[in-house]
Structures are given as structure tokens and as C-alpha cells.
Novice: 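For reference, the structure I am asking about is given below.
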Protein chains: 2
Amino acid sequence: MAAQRGEGDAVVATPRNPADAEVRERARAIPEAAVARLAVYLRVLSGMVDQGVTTISSEELSSAAGVNSAKLRKDLSYIGSYGTRGVGYDVEVLVSHIERILGLTRKHSVAVVGIGNLGHALANYGGFPSRGFPVAALFDIDPDLTGVPVGGIPVNHIDDIATVCAEREVSIGVIATPPQAAQAVCDRLVSAGVQCILNFAPVVLQVPDNVEVRKVDLAVEMQILSFHVARRADEAAGEVVNGVGVDGVVIRP
Amino acid sequence: MAAQRGEGDAVVATPRNPADAEVRERARAIPEAAVARLAVYLRVLSGMVDQGVTTISSEELSSAAGVNSAKLRKDLSYIGSYGTRGVGYDVEVLVSHIERILGLTRKHSVAVVGIGNLGHALANYGGFPSRGFPVAALFDIDPDLTGVPVGGIPVNHIDDIATVCAEREVSIGVIATPPQAAQAVCDRLVSAGVQCILNFAPVVLQVPDNVEVRKVDLAVEMQILSFHVARRADEAAGEVVNGVGVDGVVIRP
DNA sequence: CTATGTGAACTGATTCACAGCA
DNA sequence: TGCTGTGAATCAGTTCACATAG
């Protein structure tokens with residue numbers, strides 16, 4: 001993903017518009033992990049704007065975002081040099097540059113498929129529209145739900161995914177169905193031209209290369225936490241048996 | 001491998017119970033990224049058991065889990081060598097070893113704090129109890145909700161977090177409150193002795209070192225998708241201007 | 001004299017490729 | 001022969017440390 005490994009691939013030469021090309025080039029080069037953090041920085045910075053803060057140092061911003069300052073500066077360097085040495089960053093400037101890089105200057109309409117407990121919660125979640133992700137369509141397989149408004153939007157039947165998504169220019173599909181239905185729903189979204197999918201169903205979706213899938217898997221999150229509980233318990237047991245430092249065993253935190 | 005860099009740290013010498021010590025040592029050495037995938041393998045394998053599959057090759061399992069076979073084998077090697085060369089893995093054996101490593105042999109009681117849209121959905125989510133994570137307590141700040149059963153469990157007031165969590169041996173706290181309340185709730189959970197937190201609120205929680213936090217941030221997920229939409233659009237623009245391959249520009253998928 | 005921006009070094013994760021065992 | 005298990009090689013991500021701009 002990152003870019004420019006090896007020789008003989010990805011050479012940029014004399015593009016028509018140098019400025020556009022630069023943004024393009026930068027965007028291509030940002031590590032995936034950094035993109036996720038940029039979104040976090042953006043939220044923290046938005047809070048700063050609300051508080052009337054106009055300037056912020058890498059130290060302050062990084063601690064508010066829960067990372068170290070070197071990482072923050074490196075992340076910001078991927079999108080350009082917008083700080084002032086000896087001073088820090090202008091909050092508004094940073095906000096607008098991060099928004100541009102994250103593509104938040106356009107609206108991204110969202111469709112939620114599967115109006116069960118989670119689908120209801122998502123349809124009513126205020127955080128989406130307020131951040132430029134209006135929920136434009138809802139779908140469910142249950143015909144009794146068709147036409148029923150949820151969070152102000154009437155539910156459509158999943159058979160209408162293709163037409164409704166095209167009509168309302170949906171660019172992000174959210175799958176909140178039971179696992180058995182997820183792949184079929186995904187296929188419909190993809191053939192409706194949706195290229196980004198956020199999947200809450202506990203299944204691994206198969207999609208073509210041009211579709212981006214992100215998954216939120218609660219069971220996996222819980223199991224990762226469980227692993228850490230277990231590891232901690234094991235370490236504690238180790239301590240009791242061997243004692244810290246005894247036999248040369250060092251327990252790292 | 002994770003452990004044992006440098007000299008002078010993490011040396012294991014003659015522990016009392018060699019088998020326990022081995023599990024402990026392995027668990028310590030598993031990369032975080034591999035832990036997340038083990039949880040996915042486990043789910044796929046559980047499905048295989050239901051279908052009556054008894055043996056599976058790394059190729060089959062990896063494609064069902066959406067990773068390549070080398071990564072799968074490496075991941076499994078972190079937990080031990082339980083395959084048969086020339087044949088594959090015994091599904092049940094693998095399930096039980098992954099469960100052991102992930103600490104799923106114990107029950108982990110869950111408390112959900114914040115019984116709004118999302119909290120309701122989580123309290124009713126069948127995926128938790130069925131996977132060994134019983135929801136044992138619900139909390140909200142609204143006194144009108146106190147005593148009201150949600151998903152079969154009466155809601156308690158957040159003032160009772162400490163006593164109720166201790167009583168019901170809650171080991172995982174789920175924060176589904178508005179962002180303003182999240183840090184305070186987190187602090188209460190931590191002082192109640194909860195060491196694992198799953199945070200749905202869009203804030204960076206500050207916790208002591210001994211507490212493990214995982215976050216699910218819908219806005220961040222949407223923004224990552226948005227970034228990819230934008231990048232794709234930019235690349236398409238680049239293609240239109242320069243044409244694929246013209247000027248030596250190579251667009252990678 | 002301060003805090004950014006960034007090569008260089010390092011740590012961690014993924015992939016390769018093949019030795020070794022059923 | 002076929003498939004696992006794993007060192008070695010590669011690649012990605014993080015941290016260090018300092019030159020540099022204000």
C-alpha cells in the first residue's frame with residue numbers, strides 16, 4: 001500500500017497539475033495506521049476549536065490524543081508542513097488540512113442494512129450526520145418494516161438496495177444484519193455500486209478488489225480483552241510461584 | 001518473536017510447573033495482531049464444527065478467514081504445533097487450543113454502562129452470552145431507568161457501579177455513554193477493579209497501566225472509509241489526466 | 001532558545017521459501 | 001508426495017535525535 005518499494009513501479013513524471021498531483025501523492029503515501037490517528041487528531045482539534053484554542057503544540061495535541069509527540073509529528077508530516085517551529089500548530093489550519101486529506105470536504109451518504117437492535121441504534125446515532133455522514137437510506141428484509149420511519153427515514157426493502165442506493169448516491173454501506181444474511185447483502189451493495197462497507201456482522205466478507213471493507217467485530221474485541229485478562233492472570237500466577245525477579249524471571253508490564 | 005530482545009531481560013529458568021510456564025511464555029509472545037486473527041479463526045472453526053468438518057488445511061482455513069496461508073500457519077505456530085504434516089489440522093483440537101490461549105475457558109462477566117440506543121442494542125445482543133461473555137450488569141445515570149429490565153437485566157444507577165461490579169465479578173466494562181460522561185464512568189469502573197474496557201464513546205480514555213482499553217469508534221471508521229473514497233477518486237482523476245501508464249505513472253489498485 | 005520536521009535506527013509484522021515429517 | 005512449521009528476508013510502523021526555522 002504505502003508506495004514506492006522496489007524499482008520499476010510508481011514513478012510520477014510531469015503531471016498536468018503539480019498541486020493536485022502532490023495531494024494525490026501524499027494521500028497515497030500515508031500509512032493506514034496514520035490515517036486512523038488523523039481522524040482522532042481531528043476530533044481532538046474540533047474540541048479545541050470549540051474551546052477557543054487557536055494554537056497547539058505537538059506535545060499538547062499528542063497527549064490529548066493518547067499518542068507520543070514523535071508519532072504525532074510524523075503523522076502530521078505525512079500531510080505536509082503546517083506547523084511553526086518554536087510555536088506549534090494553528091488549530092484551524094490543521095483541521096482544514098486533515099479534513100481535506102480524509103476526504104471530508106464531500107458528503108458521504110450512508111445506507112444502513114438490517115434494522116434490528118443495532119440498526120436502530122445506528123439510524124438514530126447523531127454522530128454520523130454531524131460529521132458529514134448523513135444516513136440516507138435504511139433497508140431490512142422484513143416487509144412489515146417497509147415504510148416504517150426509523151430515525152426519521154422510512155425503511156426500504158432490501159430488494160430495492162440497487163435502485164435506492166443509486167438514487168440517493170450512497171457511498172458507504174453499513175451491514176448490521178445477522179451473519180447469515182451479510183454476504184448476500186454485501187453482494188447487493190457492491191452491485192449497487194457501493195465501494196465502501198462497514199461490516200458489523202461476524203463474518204469475513206468476500207468482495208472485489210475495488211471495494212473497501214472495514215469490520216467492527218464485538219466478539220473479537222471481547223476475546224482480545226479476554227486474552228489480556230488471561231495473560232495478566234498467568235503472569236500473576238507466575239509471580240506467586242516464582243516471585244518477581246527470582247530465577248531471573250522478569251515480568252514486563 | 002516478541003520477547004527476548006536484548007540481553008539481561010526475560011529469562012526463564014526452572015519454573016515449578018513447566019507446562020504452565022510454557023503456556024504463559026507463549027501467550028506473552030503472541031503479537032497483538034495475531035491475537036485478533038486467532039479470534040477470527042476460532043469463529044470460522046466453530047462454524048466448521050457445526051458443519052461436521054473434522055480436519056482442515058491451512059489453505060482452506062486461511063481463505064475462509066480472509067488471510068493468506070503463510071500468515072495463518074505463523075499465527076498458529078505462536079500457540080504451538082498442533083497440525084499434522086501432509087494432512088492439516090484437527091478442527092476440534094485447534095478450537096480447544098485457541099480457546100485456551102484466548103482465556104475463553106473462564107467466563108467473563110460484562111457490565112454495560114449507558115443504556116441509550118447503543119446500550120440497549122448491546123444488552124440485547126445475543127453474540128455476547130453465547131460466546132462466554134454474559135452481560136451481568138447494566139448502568140445508567142437516569143434514575144427513571146433504575147430497576148427497568150433491559151434484555152432481562154434490571155438497570156442500576158451508575159452510583160452503584162463499584163458495589164454491583166464487585167458483587168457480580170464483572171471483568172469487562174463496556175462504555176456506551178455520551179462522550180462527556182465517558183471518562184468519569186471509566187474512572188468508576190477502574191476503581192471498581194475492572195481491568196478491561198471496551199469504549200464506544202468518541203473520546204480517548206486516560207487509564208492506569210494495568211487497565212486494558214479497546215475502542216470502537218464509528219466516526220473514525222467512517223473517516224477511514226472516506227479517506228479511501230477520496231484516494232480512489234484522486235487516482236481516477238490522475239488516470240483521466242495522465243492515462244494509465246502514460247508518463248510512467250503506474251496506478252496500483 | 002523552542003518546537004517542528006525528518007533522515008536514520010530500530011522494532012514489530014508479514015511474506016518467502018524450504019527443511020522436515022506424516 | 002503434500003502440507004506443516006519456521007528461520008531468514010522483507011516490509012511497515014515507530015521511535016530517536018538533531019538540524020533547522022522562527
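Excluded from the calculations below are hydrogen atoms, water molecules and symmetry mates; all remaining heavy atoms, backbone and side chain alike, are included. Numbers restart at 1 for each chain; the letters A, B, ... are given by sequence-line order, proteins then strands.
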Novice: May I have the distance from A:Tyr78 (atom OH) to C:dT4 (atom P), rounded to whole angstrom?
Specialist: 17 Å

Novice: What do the steps show when you test A:Phe200 against B:Leu218 for side chain to side chain contact (heavy atoms under 4.5 Å, CB included), and what is the final call?
Specialist: CA-CA 11 Å; A:Phe200 287 86; B:Leu218 301 187; 3.5 Å; yes

Novice: Starting from C1' on C:dT4, measure out to CG on A:Asp90 and report it in whole angstrom.
Specialist: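 To the nearest whole Å, that distance equals 15 Å.
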
Novice: Could you work out which one of C:dT6, D:dG13, D:dT14 sits closest to the side chain of A:Pro31?
Specialist: D:dG13

Novice: To the nearest 0.5 Å, tell me how far B:Ile79 CD1 sits from B:Ile98 CD1.
Specialist: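 Nearest 0.5 Å value for the CD1-CD1 distance: 5.0 Å.
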
Novice: I need the CG-P distance between B:Leu72 and C:dC16, as an integer number of Å.
Specialist: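 Between P of C:dC16 and CG of B:Leu72: 15 Å.
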
Novice: Under the 3.5 Å rule, do the base of C:dT2 and the side chain of A:Arg85 count as making a donor-acceptor pair?
Specialist: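 No.
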
Novice: Do the side chain of B:Gln223 and the main chain of A:Ala36 share a donor and acceptor less than 3.5 angstrom apart?
Specialist: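 Between the backbone of A:Ala36 and the side chain of B:Gln223 there is no qualifying donor-acceptor contact (under 3.5 Å).
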
Novice: Would you mind telling me which of D:dC16, D:dG5, D:dG13 lies closest to the side-chain atoms of A:Glu32?
Specialist: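 Nucleotide nearest to A:Glu32's side chain: D:dG13.
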
Novice: When you get a sec, tell me which of C:dT6, C:dA13, D:dT6 is the closest nucleotide to the side chain of B:Lys74?
Specialist: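 The answer is D:dT6.
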
Novice: Using a strict 4.0 Å threshold on nitrogen-to-oxygen distance, state whether B:Arg214 and B:Glu32 make a salt bridge.
Specialist: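 A salt bridge links B:Arg214 with B:Glu32.
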
Novice: Regarding A:Ser57 and A:Glu60, do their side chains bring together a donor and an acceptor under 3.5 Å, going by distance alone?
Specialist: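 Present: a donor and an acceptor within the cut-off.
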
Novice: DNA chain D in dot-bracket, Watson-Crick or G-U pairs under 3.5 Å, [ ] crossing, | other strand?
Specialist: ||||||||||||||||||||||

Novice: Within this structure, what is the CD-to-C1' distance between B:Glu60 and D:dT4, rounded to whole angstrom?
Specialist: 14 Å

Novice: Return the 5'-most residue of the pair A:Gly86, A:Asp75 with respect to DNA chain C, ranking by each residue's nearest nucleotide.
Specialist: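 Looking at the nearest nucleotide for each, A:Gly86 comes out on the 5' side.
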
Novice: Of the nucleotides C:dA13, C:dT15, D:dT15, which has the atom closest to the B:Lys71 side chain?
Specialist: C:dT15

Novice: From C-beta outward on B:Asn68, which listed nucleotide comes closest to its side chain: C:dT15, D:dC18, D:dT4?
Specialist: C:dT15

Novice: Measure the distance from CD1 on B:Ile30 to P on C:dA13 and round it to the nearest whole Å.
Specialist: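 Answer to the nearest Å: 12 Å.
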
Novice: Check the phosphate of C:dT14 against B:Arg37, side-chain N and O only, distance under 4.0 Å to OP1 or OP2. Yes or no?
Specialist: yes

Novice: Which nucleotide, C:dC16, D:dG5, C:dT4, lies nearest any side-chain atom of B:Ala70?
Specialist: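 For the B:Ala70 side chain, the nearest candidate turns out to be C:dC16.
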
Novice: For D:dA21 and A:Ser81 - does any side-chain N or O of the residue sit under 4.0 Å from the phosphate oxygens OP1/OP2?
Specialist: no

Novice: Expressed as a whole number of angstroms, how long is the span from B:Arg73:CZ to C:dC18:C1'?
Specialist: 11 Å

Novice: Taking it one step at a time, do B:Leu189 and B:Val185 satisfy side chain to side chain contact (heavy atoms under 4.5 Å, CB included)?
Specialist: CA-CA 6 Å; B:Leu189 286 168; B:Val185 161; 4.0 Å; yes

Novice: Looking only at non-hydrogen atoms, find the nearest pair between B:His108 and A:Ser226 and report the distance.
Specialist: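 B:His108 and A:Ser226 have their closest heavy atoms at NE2-OG, 2.9 Å.
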
Novice: For B:Asn199, which residues count as a side-chain hydrogen bond (donor to acceptor under 3.5 Å, both in side chains) partner, sequence neighbours excluded?
Specialist: none

Novice: In whole Å, I'd like the distance from the CG atom of B:Leu76 to the P atom of D:dT4.
Specialist: 9 Å

Novice: Heavy-atom nearest nucleotide on DNA chain D for A:Thr84 versus B:Tyr89: which residue maps closer to 5'?
Specialist: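 It is B:Tyr89 whose nearest nucleotide is closer to the 5' end.
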
Novice: Quick one: is B:Ser58 getting a side-chain N or O under 4.0 Å of the D:dT4 phosphate, OP1 or OP2?
Specialist: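 Checking D:dT4 against B:Ser58, a side-chain N or O does come within under 4.0 Å of OP1 or OP2.
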
